[in-house]
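Data block below; observations after.
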Amino acid sequence: MKNVPIQVSNISKQFGDVRALDNVSLSVAQGEMFGLIGHNGAGKSTLFKLMLGLIPPTSGTIVVNRIPAAHGNFRDVRRRIGYLPENFVTYDNLTGLEVLHLFADLKRVPRAECAPVLDSVGLGHAMHRRVRGYSKGMRQRLGFAQVLVGKPDLIFLDEPTNGLDAEGIHEFYRVLRDAQSRGATIIITSHILAEIQERVDRLVILSGGKIAAEGTLAQLRSQLVLPSTIEAGVQPGCLEQVRGALAALTDVTLQIETGAEGDVVKVSCQAAQKIDALHMLTGMRSAVRDIVVHEPTLEDLFFGYGGKHD
């Protein structure tokens, strides 16, 4: 049985008349990359603060590395946690290396770790420059670097790729996977759902302070039963042949589009019909030039489970 470093049990949090979290329970296994998504006001940041022991719950319990978040010894647990808030702010008059020295001292780890960490996030060349001269992306890298100081067992990341370009995002997840490979447990929240959907091992969708759905991406797809879409590129003059064959299938929706490369037949169907549709299309090789299958994305699932735009 896997170790469970985070156990949230029947947590509720009230701020005056506002119930930010309502009877939330979840667990995160050691070494998981766990996604936490939801619209603004869904309770993500509140849950983060509760798991970090920064605020107390109204009711329920949170245990992190076998220590209750309300326990007096939780300060020692927190030193083994890396946390990147949505907006990382630090002292502009310090250099990047000095900022990491500050965090190393707070975590009681050797300052000698800091320079290699800055190298790993692509800031080795700028470690002696003052932070006031850093771009937004460089500041975000610096925030990620302070997370990694001390090789934390638990990593909490709130919108961690804000300000990063495509190369920066790729490097960020590479470093994050390295941390996961040594056993770190990672909890990540992001508004860019397409970015995390193939990277998290499991996820929770929060809505109105409650858990709307929980599981792997495959489990959420099967629970919600959203249709898949198959796009078939059709050879010139073969549209009626392909459309006629697909029309024999039940419970599918067909849509015809004409693009620069010719006609495309889009088949929308449930999982039970997907294999039949693909079998039919692959059997018409002289009429079909290309086949692309689109499964429901995390964004589709988010809105299907009651999510909404911010």
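Every value quoted in this text rests on a predicted model; they were computed, and no experiment measured them.
With hydrogens and angles disregarded, no donor-acceptor distance shorter than 3.5 Å links the side chain of Gln7 to the backbone of Ile62. In this structure, the side chain of Glu32 engages the main chain of Ala29 through a donor-acceptor pair within 3.5 Å. Remark: the backbone N or O of Thr95 is paired with a side-chain donor or acceptor of Glu98 at under 3.5 angstrom. The backbone N or O of Ala212 lies less than 3.5 Å from no partner atom in the side chain of Ser207, so there is not a single donor-acceptor pair.
Looking at Tyr83 and Gln146, their side chains never bring a donor and an acceptor atom within 3.5 Å of each other. Residues Ser12 and Arg19 have side chains that bring a donor and an acceptor to within less than 3.5 angstrom of each other. Donor-acceptor pairing under 3.5 Å is lacking for the side chains of Gln273 and Thr250.
Counting only residues at least two apart or on different chains, the salt bridge (charged side-chain N to carboxylate O under 4.0 Å, His left out) pairs with a member in residues 263-292 are Glu231-Lys266, Glu257-Lys266, Glu261-Arg289, Lys274-Glu295. Annotation: salt bridge (charged side-chain N to carboxylate O under 4.0 Å, His left out) contacts involving residues 100-110, sequence neighbours excluded, comprise Asp105-Arg111. Sorted by first and then second residue, the salt bridge (charged side-chain N to carboxylate O under 4.0 Å, His left out) pairs with a member in residues 86-97 read Asp92-Arg139; sequence neighbours excluded.
For the pair Phe144/Val175, a side-chain contact is recorded, criterion being any heavy-atom separation below 4.5 Å from C-beta on. Looking only at side-chain heavy atoms (C-beta outward), Asp158 and Leu84 stay at 4.5 Å or farther from each other. Here the side chains of Leu47 and Leu26 are in contact, with some heavy-atom distance below 4.5 Å. Inter-residue side-chain proximity for Val200 and Leu217 is flagged as unmet; no heavy-atom pair is nearer than 4.5 Å.
The side-chain hydrogen bond (donor to acceptor under 3.5 Å, both in side chains) check on Gln180 picks up Arg177, Asp201, with sequence neighbours excluded. Annotation: side-chain hydrogen bond (donor to acceptor under 3.5 Å, both in side chains) contacts of Asp76 (sequence neighbours excluded): Arg79. Applying the side-chain hydrogen bond (donor to acceptor under 3.5 Å, both in side chains) rule to Asn65 yields no partners; only residues at least two apart in sequence or on another chain are considered.
A side chain to side chain contact (heavy atoms under 4.5 Å, CB included) with Val234 is found for one member of Ile256, Val265, Leu281 and no other, namely Val265.
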TODO: Carefully, step by step, assess Leu278 and Ile230 under the rule side-chain contact (heavy atoms from CB on, under 4.5 Å).
DONE: CA-CA 8 Å; Leu278 286 170; Ile230 303 169; 3.9 Å; yes
TODO: Could you go through the side-chain contact (heavy atoms from CB on, under 4.5 Å) check for Arg78 and Leu54 one step at a time?
DONE: CA-CA 10 Å; Arg78 197 181 291 132; Leu54 299 176; 4.2 Å; yes
- [ ] Would you check, one step at a time, whether the test side-chain contact (heavy atoms from CB on, under 4.5 Å) holds for Leu50 with Ile55?
- [x] CA-CA 5 Å; Leu50 287 163; Ile55 58 174; 3.8 Å; yes
Open item on the list: Does Ile37 form a side-chain contact (heavy atoms from CB on, under 4.5 Å) with Ile196? I'd like the steps, not just the answer.
Closed with: CA-CA 10 Å; Ile37 66 173; Ile196 68 169; 3.7 Å; yes
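A cation-pi arrangement is present between Lys13 and Phe15, with the terminal nitrogen or guanidinium carbon under 6.0 Å from the aromatic centre and inside a 45° cone about the axis.
The two residues Glu195 and Tyr173 have their closest heavy-atom pair at OE2-OH, 2.9 Å.
Using the six-membered ring where Trp is involved, Phe156 and Phe48 have ring planes that are perpendicular, over 60° apart on the 30 and 60° scheme.
Under 4.0 Å is where a charged nitrogen must lie from a carboxylate oxygen, and between Glu214 and Arg202 at least one such pair does. A salt bridge does not link Arg182 to Asp178: none of the charged nitrogens lies less than 4.0 Å from a carboxylate oxygen.
With values rounded to the nearest 0.5 angstrom, Gln197 atom CD is found 11.5 Å from Leu220 atom CG.
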